[in-house]
Chemist: 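Got a structure for you, questions after.
Chain naming here is simple, since letters A, B, ... match the order of the sequence lines and numbering starts at 1 in each.
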Amino acid sequence: MPHYQIVKGARDIFPDEMIQWKRVEAVIGGLASIYGFSEIRTPVFEYTELFQRSIGASTDIVGKEMFSFQPEPGGRSITLRPEMTAGVMRAALQKNLLASSPVQKLYYISELFRKERPQAGRQRQFSQFGAELLGAASPAAVAEVIIFMMHVFESLGLSGLRLRINTLGNKTDRQRYREALRAYLAPYYRQLDDASKERFEKNPLRILDSKNPDMQDIVAGAPKLHDYLGGEALDDFEKVLAYLSDRGIDFQIDHLLVRGLDYYSYTAFEVTSSALGAQDALGGGGRYDSLALELGNASEIPAAGFAVGMERLLIAMQKQGLFSQQEAPGPAVAVIVPQQEYFDRAFGIVNLLRRSGISTVIDLAGRSMKAQLREANRMHASWALFVGGEELATGQYPLKNLVASTQETHTLDGVVDVLRQSASVNPHCG
RNA sequence: GUGAUUGUAGCUCAGUUGGUUAGAGCGCCAGGUUGUGGCCCUGGAGGUCGGGGGUUCGAGUCCCCUCAUUCACCCCA
């Protein structure tokens, strides 16, 4: 057992898995540019008030899951970001991005931190990719964000997904409903669980998506948010759904879907994967027009976005065998040194090959020739080049094709030519 | 924060009612092949049995504490 262990809830990503991450990131980046989203990075920490104000003081995230600390005694508290939307909005407002162009489309792949007990598909440090579309209120803007997200899943080959969607209406709709819901729940107050009692005052809508069966029984007879929505919200929702249908995206309307962050309004959605365990939410998002106002802007800024858990995405893909043929590409050639006294000159040849653009490795541990070849094999090198006293004296170098097990002799220039030509047909690259 | 689970070699795991120097497979290293990998054969290295305390003539095995892991609840990605 090593003395030092990784921090609870964190994870190392070793080269084998890194290949998978790179592939997923490449798909995300490629589709982002097709949909017109530009990448943004923001700091891993922000002043704590930003999250309290945006996510909502009554949420679980702010209440018990943030890593917060004071760098200076008596100074302002800062927090490792538990989500990205607040930071992106802060950055946009601070730079006054919307002044240069009224619609901003941003995406990110970033690390987040939440102080929870780790379990399958949940870590204390994790990453999300997501997009934020700022400055547009149209149903098409919301649809675009959802279509982008679903397109990423599709391109990665994911199946068994379920998209649930709901509309939370506008502020006045929700205010009327909140009161109606409270009126309905009041007689049941004693039967509510502790969490629901707390939410009764602060945010009774959250009781709707409680997983506690007892709560679900009570909620079953509650008034429906849908019945309190104004024509504006209903029209908006219908249009969003129409865009999704046109694109051929399957969804399921779920009037109980509320989501745990306070800043959502109008459309909210969530995607789950049957390939995941208990933590099956792959991603979610919605519209958050009031966030800018909440953060001190003079007016609301219409906005929509989503976030997808990268680790969960990778887990789902691994479960569905979408990485099966992934293999690390090996070097083109391994330089083999039969006698160590010629290492320095062999090393010179290695550098020459590399300057010619050929990926080259050489044993740096002074191991036996057999070990050097075994290592070359393990790394899936395509070729082995032997550099010993005899070769250096004659200028003729045996070059062995490790895949076909054939061998011929060339001058150094000849070696470079062969390796350059074979690079495009390297069976281990591609 | 709550509940359960599991900690023996780098990895996956054996280890019988407590009983000599704690094992296997894979991996690693070396040799068989005086300068040619994969397959095969032989050998080798590698373990404070998670840590601490206790019971006992004797503890990997039983008891207590502790640390860590994993899964689940709450909630979320």
Chemist: Tell me: CD of A:E311 to P of B:rU70, nearest whole Å?
Modeler: 14 Å
Chemist: Heavy atoms under 4.0 Å, any strand shown: does A:E83 hit a base, just sugar-phosphate, or nothing?
Modeler: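 Counting heavy atoms under 4.0 Å across all strands, no contact is made by A:E83.
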Chemist: Would one find more than 12 heavy atoms of other residues, nucleotides or ligands at under 6.0 Å from atom CZ of A:R41?
Modeler: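 No - once you tally the heavy atoms of other residues, nucleotides and ligands closer than 6.0 Å, there are 12 at most.
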Chemist: Both distances below 3.5 Å, Watson-Crick or wobble geometry, any strand: find the nucleotide opposite B:rC26.
Modeler: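 Base-paired to B:rG10.
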Chemist: Mapping A:K8 and A:R199 onto RNA chain B by nearest heavy atom, which one lands closer to the 5' end?
Modeler: A:K8
Chemist: For the P atoms, the ones on B:rA30 and on B:rU70, what distance do you get once it is rounded to whole angstrom?
Modeler: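 About 35 Å, rounded to a whole number of Å.
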Chemist: Please work out if A:A371 contacts a base, only the sugar-phosphate, or nothing of the nucleic acid, heavy-atom cut-off 4.0 Å.
Modeler: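 Sugar-phosphate: the residue A:A371, judged by heavy atoms under 4.0 Å, touches backbone atoms but no base.
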Chemist: For A:E116 and B:rA72, what is the distance between atoms CD and C1' respectively, to the nearest whole Å?
Modeler: 13 Å
Chemist: Quickly work out the A:R124 CZ to B:rG1 P distance and round it to whole Å.
Modeler: 8 Å
Chemist: Given the P atoms of B:rG25 and B:rG43, what is the spacing between them in whole Å?
Modeler: 11 Å
Chemist: P atom, B:rG47 versus B:rU17: distance in rounded Å?
Modeler: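 So the two P atoms sit 30 Å from each other.
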Chemist: Nucleotide by nucleotide, 5' to 3', does protein get under 4.0 Å of the base (B), only the sugar-phosphate (S), or neither (-) in nucleotides 32-44 of chain B, counting heavy atoms?
Modeler: B--BBBB------
Chemist: Please give the distance between the C1' atoms of B:rU12 and B:rG53 as a whole number of Å.
Modeler: 32 Å
Chemist: For B:rU55, which nucleotide is its Watson-Crick or G-U wobble mate, given both distances must be under 3.5 Å?
Modeler: none
Chemist: Nearest whole Å is fine: how far is B:rC28 C1' from A:Q372 CD?
Modeler: 17 Å
Chemist: Classify the nucleic acid contact of A:Q279 as base, sugar-phosphate or nothing, counting any heavy atom under 4.0 Å across all strands shown.
Modeler: base
Chemist: Would you mind telling me which of A:R11, A:K8, A:E116 makes a side chain to side chain contact (heavy atoms under 4.5 Å, CB included) with A:Q123?
Modeler: A:R11
Chemist: B:rA59 and B:rG52: how far apart are their C1' atoms, nearest whole angstrom?
Modeler: 15 Å
Chemist: Measuring only the P atom in each nucleotide, how far is B:rC26 from B:rG38? A whole number of Å is fine.
Modeler: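 About 15 Å, rounded to a whole number of Å.
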Chemist: Taking atom P in both B:rG7 and B:rG51, what distance in whole Å separates the two?
Modeler: 14 Å
Chemist: Could you measure between the two C1' atoms, the one in B:rA9 and the one in B:rC28, and give it in whole Å?
Modeler: 11 Å
Chemist: From CZ of A:R122 over to C1' of B:rG1, roughly how many Å is that when rounded to an integer?
Modeler: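 Nearest whole value for this atom pair: 12 Å.
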Chemist: Among the candidates B:rC74, B:rA30, B:rC73, find the nucleotide nearest to the side-chain atoms of A:S368.
Modeler: B:rA30
Chemist: Roughly how many Å is it from CG in A:D280 to P in B:rC75, rounded to a whole number?
Modeler: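 So the two atoms are 14 Å apart, to the nearest Å.
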Chemist: How many whole angstroms separate atom CZ of A:R164 from atom P of B:rA77?
Modeler: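 Whole-Å distance recorded here is 12 Å.
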Chemist: What I want to check is whether an N or O donor and acceptor connect the side chain of A:R117 with the base of B:rC73 at under 3.5 Å.
Modeler: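 Result: no qualifying N/O pair found.
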Chemist: Say whether, by atom type as modelled, one donor and one acceptor occur between the side chain of A:E17 and the main chain of A:Q20 under 3.5 angstrom.
Modeler: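 Answer holds: no.
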Chemist: For a side chain to side chain contact (heavy atoms under 4.5 Å, CB included) with A:Y266, tell me which candidate from A:D236, A:D173, A:L229 qualifies.
Modeler: A:D236
Chemist: Which part of the nucleic acid does A:G121 contact within heavy-atom distance under 4.0 Å: base, sugar-phosphate only, or nothing?
Modeler: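 Base contact - A:G121 has a heavy atom under 4.0 Å of at least one base atom.
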Chemist: Could you grab the distance from atom OG of A:S273 to atom NZ of A:K319, nearest 0.5 Å is fine?
Modeler: 8.5 Å
Chemist: Using whole Å, report how far CD of A:Q5 lies from P of B:rG51.
Modeler: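 The answer, rounded to whole Å, is 12 Å.
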Chemist: Any chance CZ of A:F251 has more than 12 other-residue heavy atoms, nucleotides or ligands included, within less than 6.0 Å?
Modeler: yes
Chemist: So, is A:R367 near the phosphate of B:rC29, with a side-chain N or O under 4.0 Å from OP1 or OP2?
Modeler: yes
Chemist: List, one per line, each side-chain donor-acceptor pair under 3.5 Å for residues 142-169 of chain A, sequence neighbours excluded.
Modeler:
unit_1, atom_1, unit_2, atom_2, d
A:E144, OE2, A:K105, NZ, 2.5
A:H151, ND1, A:Y35, OH, 2.6
A:S155, OG, A:H151, O, 3.3
A:R162, NH1, A:Q252, OE1, 3.4
A:R164, NH1, A:D254, OD2, 2.6
A:R164, NH2, A:E270, OE2, 3.0
A:N166, OD1, A:H255, ND1, 3.4
A:N166, ND2, A:D254, O, 3.4
A:N166, ND2, A:H255, O, 3.3
A:N166, ND2, A:L257, O, 2.9
A:T167, OG1, A:G169, N, 3.3

Chemist: A:Q119 side chain N/O closer than 4.0 Å to the phosphate oxygens (OP1, OP2) of B:rA72?
Modeler: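 For B:rA72, OP1/OP2 do have a side-chain N/O of A:Q119 under 4.0 Å.
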Chemist: Could you check whether atom CZ of A:R53 has more than 12 heavy atoms from other residues, nucleotides or ligands sitting under 6.0 Å from it?
Modeler: no
Chemist: Does A:A120 reach a base, just sugar-phosphate, or nothing at all? Heavy atoms under 4.0 Å.
Modeler: sugar-phosphate
Chemist: Is A:E179 paired with A:R182 through a side-chain N to carboxylate O contact shorter than 4.0 Å?
Modeler: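 Looking at A:R182 and A:E179, the cut-off is not met.
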